[in-house]
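One structure is given here, and the rest of the page talks about it.
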Amino acid sequence: MQFESARGYNSFRLFLLHITTVECMRISQGFFPTVKEVPADAVIASHRLMLRAGLMRPLGAGIYSFYPLGFRVMKKAMEIIREEMDAIGGQEFLLPALSPIELWEETDRVKAFGDTMFHIKNRPLVLAPTHEEVITSIARSHVKSYKELPQIWYQIQTKFRNEPRPKSGVLRGRQFTMKDAYSLDASWEGLDASYALHEQAYRNIYTRCGLNFFIVGASSGAMGGTGSQEFMVESDAGEDTVALCDGCGYAANVEIAASGAPAAVRSDRGSSIEEVSTPGIKTIDEVSAYLKADLAHCAKSLVYIANGKPAIIFLMGNDQLNETKIQAVLGADARPAHPEELAALTGADAGSIGPIGLKADFTIIADKRLEHADDMVCGANKNDFHITHVDFDRDVKVEAFHDLRVVEDGEPCPKCGTALRIVKGIEVGHIFKLGTKYSASMKATFLDEHGKDNPIIMGSYGIGVERIIACHIEQHHDEFGIKWQKSIAPFDVHLILVNANSEEVVQKSESLYAALRAKKIDVLFDDRATVSPGFKFKDADLLGMPLQIIVGEKNLKNNQIELKDRNTGERRLVPAEDAMAEIEKFLAT
RNA sequence: CGGGGCGUAGCUCAGCCCGGUAGAGCGCUUGGUUUGGGACCAAGAAGUCGCAGGUUCGAAUCCUGUCGCCCCGACCA
């Protein structure tokens, strides 16, 4: 390297000196912007703590800068992901975030993503929200033969989605980091195998990242394909509602969840239907109370319009109609009838509608719980009247019985009967069997052993890296701060020099620091001379390293060092000479 | 995109209703004292009151517009 002047050389030397002397593991020298006060904009625990601990800061709505401490955690999580992806034969790529819009037109996903995809104004480019198109374009230009399959290709890269409403910190951002993987197979059996490999890799990843997770069957939505599962973490901050069985592990989005709620029991009394006066009685609870009929013997009637045709739907008691389930039966355009339509179609208002004496031509469907029900109370299609002793076998021409109801908390699991819990969940991963949706539309084909051209059979597998971090904090924190689990903690230990005025304390802390570094243990060293002990303890709890090593004057007089387990809160004193062994023991378990 | 709220010092916020010199706490700088759970004293630096227009002798304050951010809802591979 040439320098034009001695001054240039000197500043270069200064630069070298600088980078070799700043020790970023020392809080006194590194960048650790912690804050005591709770940021006003943060609502959920992980968001608050990520801001307070200085892991990241917002740059715009749904856009975050990761600061060194936060990035260390990201790297830990990404390394775990890499190891598990590599273990199933994945090969890491780094694909561009910018991609030509023509690529997305080939699969018609410009339209499918709509406003969710960012478009570049002065070039025909988009910011990729995911990478199926790019991967498929690579596959079609290189993969020619079944002999080259299967492949698992992945990357860890920034994704862009123009979320209408970013929220909850990094849980829903406009820019985020995703590990996305794609499997290429020559057969459907091959896809099943690749998919199974990913499912196991994902289980390993979340387990190693210290997350308590569960898996739910999911719809593949706009991704297309033949099957998919979501990996979810239970959290009140979640956006999805899931029915979860602690007995057998059954888990399903409430949109599709079933339960073992008991069906109607026939009385077989054979009573004839009878019209009774129910003045002003509308709701099922009122009907039940007024006629002294058990809720299980009341049928609720709802009118929907689908495809321009009215449908009447019966549910038992206070069961709620599940919109997703009814749309699966009647079609996606199914909607509740307007009040005027109700009156015109049935002759009565909501609350007095029923199966007997319907004027119009209805599609008649009912929830499975009502199959063979008799002795039921229903609306009379005449305001202020109900009909009793309705027998769904005898009196109602039900076209089909479907599971149409919303599962309630505490109902028996459909698989094992244990009480279901309805919980909120955060999606941390999603795996899809894509099939040939992308390879067919983009003509990514291979020649099979018979020389025949076939579209590659694909899978796609995503993990939100920031979501892993946020979920980890959601699951591991207390009122004082984060409790990192060892696997993704930014540092292994947090060394606190309690009192910089004590020569012994300084010496012992410094020698411990050097010894820890020599052992390749990542140590965050609070060596600040101007900060009070209380301040340091609060910071340590906030930052949340798994083990705090506290070197203080009083204990050192007795030749003792204090170790505090951040997770359990347990503190113990160990002889100074045993400290290193105790620390290594802690980290090893 | 609907509903609600907020933009004043680095952070948390008061001041606005009722127009008249720009405020507090925390943080920061300097000096001193302190040192086991977010210390104390003293001195100090720091703000185009989001932006643009309007009303007014005079606008952080009233009016109009606009931008940004947060929350609820819709949406969400």
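Fair warning: this is a prediction, and the values are worked out from it, not measured in the lab. The figures that follow rest on heavy atoms only: side chains count, while hydrogens, waters and symmetry mates do not. Chain identifiers are assigned alphabetically (A, B, ...) following the order of the sequence lines, protein sequences preceding nucleic acid strands; residue numbering begins at 1 within each chain.
- On the C1' atoms, B/rA9 is 13 Å away from B/rU48, given to the nearest whole Å.
- Here, B/rC69 and B/rG23 have their P atoms 31 Å apart, quoted to the whole Å.
- Distance noted for atom C1' between B/rA46 and B/rC11: 13 Å (whole Å).
- Residue A/Leu497 contributes atom CG, which lies 13 Å from atom C1' of B/rG36 at whole-angstrom precision.
- Nearest nucleotide to the side chain of A/Leu542, out of B/rC70, B/rC72, B/rG38: B/rG38.
- A/Lys325 approaches A/Val407 most closely through the heavy-atom pair NZ-CG2, 4.5 Å.
- The CZ-P distance, from A/Arg174 to B/rC75, rounds to 18 Å in whole Å.
- In this structure, B/rC76 forms no base pair with any nucleotide, since neither Watson-Crick nor G-U wobble geometry is met with both distances under 3.5 Å.
- Side-chain proximity of A/Phe537 to the nucleotides B/rG38, B/rG36, B/rC13 is greatest for B/rG36.
- Distance A/Arg48 CZ to B/rC70 C1': 14 Å, rounded to the nearest Å.
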Assign a letter to each nucleotide of nucleotides 25-35 of chain B from its 5' end: B, base within under 4.0 Å of a protein heavy atom; S, sugar-phosphate only; -, no contact.
B---------B
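- Counting any heavy atom pair closer than 4.0 Å across all strands shown, A/Glu562 reaches a base atom.
- Checking A/Thr130, A/Val126, A/Leu103 one by one against A/Arg109, the side chain to side chain contact (heavy atoms under 4.5 Å, CB included) holds for a single residue, A/Thr130.
- Nearest to the side chain of A/Arg52, among B/rC72, B/rC70, B/rG38, sits B/rG38.
- As a whole-Å value, the separation of A/Arg57 CZ from B/rG10 P is 14 Å.
- For CG of A/Asp236, the number of neighbouring non-hydrogen atoms (other residues, nucleotides, ligands) closer than 6.0 Å is 12 at most.
- When Watson-Crick and G-U wobble pairs are counted only if both distances are under 3.5 Å, B/rA39 pairs with B/rU33.
- Nucleotide B/rA22 has no partner under the Watson-Crick or G-U criteria, as no pair reaches both atom distances under 3.5 Å.
- The ring pair (Phe, Tyr, Trp, His ring centres under 6.0 Å) search around A/Tyr513 returns A/Phe525, not counting sequence neighbours.
- Nucleotide B/rC28 has B/rG44 as its partner under the Watson-Crick or G-U criteria, with both atom distances under 3.5 Å.
- Pairing for B/rG7 goes to B/rC67, judged as Watson-Crick or G-U wobble with the two contacts each under 3.5 Å.
- Here the C1' atom of nucleotide B/rC69 and the CG atom of A/Leu51 are 13 Å apart, to the nearest Å.
- Taking atom P in both B/rA52 and B/rA59, one finds a spacing of 14 Å when rounded to whole Å.
- Judged by Watson-Crick or G-U wobble contacts below 3.5 Å, the nucleotide B/rG58 has no partner.
- When each of B/rC76, B/rG38, B/rC70 is scored by its nearest atom to the side-chain atoms of A/Glu239, the top-ranked nucleotide is B/rC76.
- Judged by the 6.0 Å and 45° rule, A/Lys437 forms no cation-pi pair with A/Phe432.
- Rounded to whole Å, the separation between the P atoms of B/rA22 and B/rC49 comes to 10 Å.
- Nucleotides B/rG58 and B/rG20 are separated by 7 Å at their C1' atoms, to the nearest Å.
- When each of A/Ile205, A/Asp180, A/Val428 is tested with A/Ile463 by the rule side chain to side chain contact (heavy atoms under 4.5 Å, CB included), just one qualifies, namely A/Ile205.
- Comparing B/rC13, B/rG73, B/rG38 by their closest approach to the side chain of A/Ala40 singles out B/rC13.
- The side chain of A/Lys538 approaches B/rG38 more closely than any other nucleotide in the set B/rC76, B/rG38, B/rC70.
- The P atoms of B/rA42 and B/rG25 are separated by 12 Å, rounded to the nearest whole Å.
- A straight line from NE2 of A/His47 to C1' of B/rC71 spans 12 Å, rounded to a whole angstrom.
- A distance of about 49 Å separates the P atoms of B/rC41 and B/rG54, rounded to the whole Å.
- Between A/Phe231 and A/Tyr202, the angle of the ring planes lies from 30° to 60°, which puts this pair in the tilted group.
- Remark: A/Phe213 pairs with A/Tyr206 by the ring pair (Phe, Tyr, Trp, His ring centres under 6.0 Å) rule, at least two apart or across chains.
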